[in-house]
Amino acid sequence: MGVGFFKHGVICAIVLACTAGLVEAVDKPNIVIIFVDDQGYYDLGCYGATEVETPRIDAMAMEGIRFTDYYAAAPICSPSRAGLLTGCYPRRVGNHIWVHRADSSSGIHPDELTIAELFQQNGYATACIGKWHLGFQEPFLPRNQGFDHYFGLLHNLDPVEVVYFDDEGVPLMRNETIVKRPADPAELTRLYTDEAIAFMEKNTEKPFFLYLPHTMLHNPLGVSEEFKRTSKWGEYGDAIQELDHNVGRLFDSLKKLGISDNTIVIYASDNGRGPGRTPEQKIRGRKLSTYEGGIRVPAIAWGPGLGLQRGAESSAVVRAMDWYPSLATLAGIEIPQGPIIDGRDISPLLKGESAFVPAPGLGKSLNAKVPLRRRWDPPREWESLIKRWEYNDAFFYHGSQGSLAAVRWKNWKLYLNPSPELYDLFKDPGESTLVRNGDVVRKLRGMAILFQEEMRLDARVAGQAAPRRADAKTKIPAKIIDGLHGKLDVTFASYGDRTLAMDLYRPKGNWQSLPAIVCIHGGGWRKGQKINFRNVAQSLAEKGFVTASIDYRLSGEAPFPAHIHDCKAAVRFLRANAKEFGIDPDRIGAIGHSAGGHLAALLATSAGVQELEGKGGNAGVSSAIQAVIPMGGQTDFLSARNREISREKEVWQQFLGGSQEENPDAYRLASPLTHVDKTDPPCWIITGENDDPSTRADQFRERLEELGIQSELTVIKDAPHAFLETQAWFDEAIEIADKFFTKTLK
């Protein structure tokens, strides 16, 4: 394809480098969102509860802002969480109907930019600790939605969900590992808080985004022995007091770690629970309903060290979706162009610069104009009656089945079905007295009509996981191949008459300097060629990388360490010729499967080991890589398991010149575990559930973690060693690889 195959993107690279420097110079605030399940509006001391004592949450309110008119995104779990994490009405992102059960095949679409992904892309460590409830197929899990770390229950403990787990019960998970099964409700509040504190302790040197969605106070309730019978409100009150205690532990930890002045904490419920209990507590309606008791909930924002109001009470109408742009602004993050979200930037309200949410067109804050991306083309009937800023300030109530039920603007709330009913919530929060006001009814009815039309035209679909077919062989779609530039058989190393070549791929139309990934085929070190790993290289190139599927000398033609010499030569070649191929020389990763997985791990851990560098060209250029994914490979050649295999398997003896006992030095040199040190790059192990357990690299990952190096494991359910041959498993691996390399190399 000639010299024009790759352009250089030098200007873009300079701009990105300068921008990165500016971002790093900002002291970014930490963000903690405490999201309680099913807590009613009046069910805290600072909201009027007398049956419970909540001194720590009350203190948070005294030092922060307490909202009197705050609304969850929906009156039910899953839609409410979707609204919070996407900044959108759940209906806009296709997650508005009921809840995701254990057999659900849908979730937040992978193309949605969650608030966690936004913060993750801007240098934040991210964690979700607690109840997820937003889809249970691989694409929808927390770590595929922007969270570096997950600990908690993916599901509810409600009997209608527990039934899916038979006698084993719902598992408590840490990332992909089951910690305990069944989970004990009585210990979850404490365990979540323990994990949250550990996460904060681990990330004191970098900003973090912590989403802490508690399983409590959902039924079945769980209360530890310490808090049983401590309230005047039965088990529910006891659970509230235990929750309050653990909120206090979080604040104590922030202070102990010296980061409380640089942290913002949000406390809110995902939906309501029930009506008030005294004549002064007027709200009626329960969870699932669109009466105020089902969807208006307690909410507090705290951040006095960062300029948020102290001891304030706000009656402004605030919605769960508003946290997305507001927290981004407080972190100095501009929401990228493209996604249409419904949240408003309320940061001026949080800082006390305004008693209400300024109109988007005023541009009073970094993300103020984000709501202006929403459709606005009202027909003549409504054009003179409804202003754009009024429409953006309205809140649209959706029921548990996802249908539009009511609209609120300022103090007015209009129920739409079966016939319009208007209430003045300032005077009548209990919705007990109908108001007659034809002008207001017409205005709010018009807003509802405009909203329905907006959703008809602009609502997006939920993510849908395709059913896994064991017999579907891996095939790369033609549209992916058509979207790539390919430069084939590029010589990267020569040894006399023997030359080694690589096939290079990159996305068409993307001429900026891209990260590169070296793709290393398997075959037991004795067979295979670069074409065998073309599927992986092409799939990752389509994600925005330059990929190089490489040949290396096989055991039949050269003994170890020739194989790793060739892998290192490939890295040096790409780095030395980075300008020609449009590569960022400081961002090179590697991925390999089976024997290639071993070589990828060894490549990552042996930078500078002279015996393994070889003479494949470009001497003096570093062979170090910045990220690695070994798949189904061996990382500990000195293990007892491999000692036995080396006696039996001819391929091992051919590769390393004998068995482990006969040639221990060669096995030591070939073992990635031997070379691990603190300079090694982040690593993600991928293996099949039915592969040999050694491919999970437990000791290797443990050693990396001891040195503070990111190390993750994905075990693909039901998959064998050769999982790349099956489309569903291949797609799962590529999706994980894309997210990992995007985070570590882009």
Side-chain angles (χ1 to χ4, degrees), residues 143 148-149 151 173-179 198 202 520 522 524-525 560-561 563-564 567 589-609 611-612 624-625 627-649 651-652 655-656 659-661 663-716 719-721 723 733 736-737 740 744:
R143 299 223 293 167
D148 301 324
H149 179 73
F151 177 84
M173 306 290 294
R174 179 177 286 112
N175 297 325
E176 287 76 34
T177 303
I178 295 176
V179 175
K202 186 178 179 180
I520 310 170
W525 311 288
F560 179 83
H563 319 67
I564 191 63
C567 295
I591 186 171
H593 179 260
S594 194
H598 156 249
L599 292 172
L602 186 58
L603 179 62
T605 55
S606 63
V609 178
E611 291 175 274
L612 300 180
I625 60 174
V628 67
I629 297 181
M631 300 188 291
Q634 292 297 315
T635 54
D636 181 7
F637 276 42
L638 299 178
S639 67
R641 179 254 185 204
N642 285 337
R643 179 166 61 248
E644 294 300 319
I645 285 180
S646 71
R647 291 173 185 160
E648 303 168 0
K649 300 286 187 180
V651 61
W652 282 71
F655 176 47
L656 291 166
S659 68
Q660 186 192 103
E661 292 157 326
N663 199 356
D665 290 341
Y667 279 76
R668 183 173 294 105
L669 188 63
S671 179
L673 182 59
T674 302
H675 302 287
V676 172
D677 64 36
K678 62 183 180 181
T679 66
D680 293 339
C683 172
W684 198 303
I685 302 290
I686 303 177
T687 188
E689 184 179 32
N690 297 327
D691 202 352
D692 191 279
S694 63
T695 60
R696 302 183 186 186
D698 292 338
Q699 286 187 284
F700 181 73
R701 290 185 292 107
E702 183 178 331
R703 179 61 180 144
L704 290 175
E705 290 169 3
E706 287 174 357
L707 296 173
I709 298 168
Q710 179 188 350
S711 173
E712 306 287 354
L713 168 68
T714 293
V715 179
I716 298 179
H721 179 71
F723 59 81
I736 294 165
F740 174 69
T744 54

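Residue-environment remark: CD (E611) stays at or below the threshold of 12 foreign heavy atoms within 6.0 Å. For CD of E706, the number of neighbouring non-hydrogen atoms (other residues, nucleotides, ligands) closer than 6.0 Å is greater than 12.
When every heavy atom of T635 is checked against every heavy atom of A601, the shortest pair comes out as CG2-CB, 4.1 Å. Here the shortest heavy-atom pairing between W684 and P630 reads O-CD, 3.4 Å. Of all non-hydrogen atoms in V628 and A600, the two that sit nearest each other are CG2-O, 3.3 Å. Residues T605 and P672 come closest through the heavy atom pair OG1-O, 3.5 Å. Residue P681 comes nearest to A604 through the heavy atom pair CD-O, 3.2 Å, listed as atom of the first residue, atom of the second, then distance. Between F700 and L673, the closest heavy-atom pair is CA-CD1, 3.8 Å.
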Apply side-chain contact (heavy atoms from CB on, under 4.5 Å) to residues M173 and I178 and explain how you reach the verdict. CA-CA 5 Å; M173 306 290 294; I178 295 176; 3.5 Å; yes
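Interatomic distance, I686 CD1 to I716 CD1, rounded to the nearest 0.5 Å: 6.0 Å. Atom OG of residue S659 and atom CD of residue E648 lie 11.0 Å apart, to the nearest 0.5 angstrom. Between atom CZ of residue R703 and atom OG of residue S711 there is a gap of 12.5 Å, rounded to the nearest 0.5 Å. Separating the CG atom in N175 from the CG atom in D148 is a distance of 9.5 Å, to the nearest 0.5 Å. From I591, atom CD1 reaches atom CD1 of I625 across 11.0 Å, with rounding to the nearest 0.5 Å. If you take OG1 on T714 and CD1 on I736, they are separated by 3.5 Å, rounding to the nearest 0.5 Å.
Using modelled atom types, no side-chain atom of E176 and backbone atom of E712 make a donor-acceptor pair closer than 3.5 Å. Between the side chain of N663 and the main chain of L656, a donor-acceptor pair closer than 3.5 Å is present. Between the R701 side chain and the R696 main chain, a donor and an acceptor come within less than 3.5 Å of each other. For the pair H598 (side chain) and F637 (backbone), a donor-acceptor distance under 3.5 Å is absent. Between the S646 side chain and the N642 main chain, a donor and an acceptor come within less than 3.5 Å of each other. For the pair T695 (side chain) and G632 (backbone), a donor-acceptor distance under 3.5 Å is absent. Panel note: side chain D636, backbone L638; a donor-acceptor pair is recorded below 3.5 Å.
Only one option out of I564, L612, T674 pairs with L669 in a side-chain contact (heavy atoms from CB on, under 4.5 Å); it is L612.
Checked against side chain to side chain donor-acceptor pair (under 3.5 Å), H721 has the following partners two or more places apart in sequence or in another chain: S594, D691.
Side-chain atoms of R641 and D692, non-hydrogen and from C-beta on, do get closer than 4.5 Å to each other. At least one side-chain heavy atom of F740 sits under 4.5 Å from a side-chain heavy atom of Q710. Side chains of V676 and L707 form a contact here, defined as non-hydrogen atoms less than 4.5 Å apart.
Between Y667 and W652, the two ring planes are parallel [angle under 30°; tilted spans 30° to 60°].
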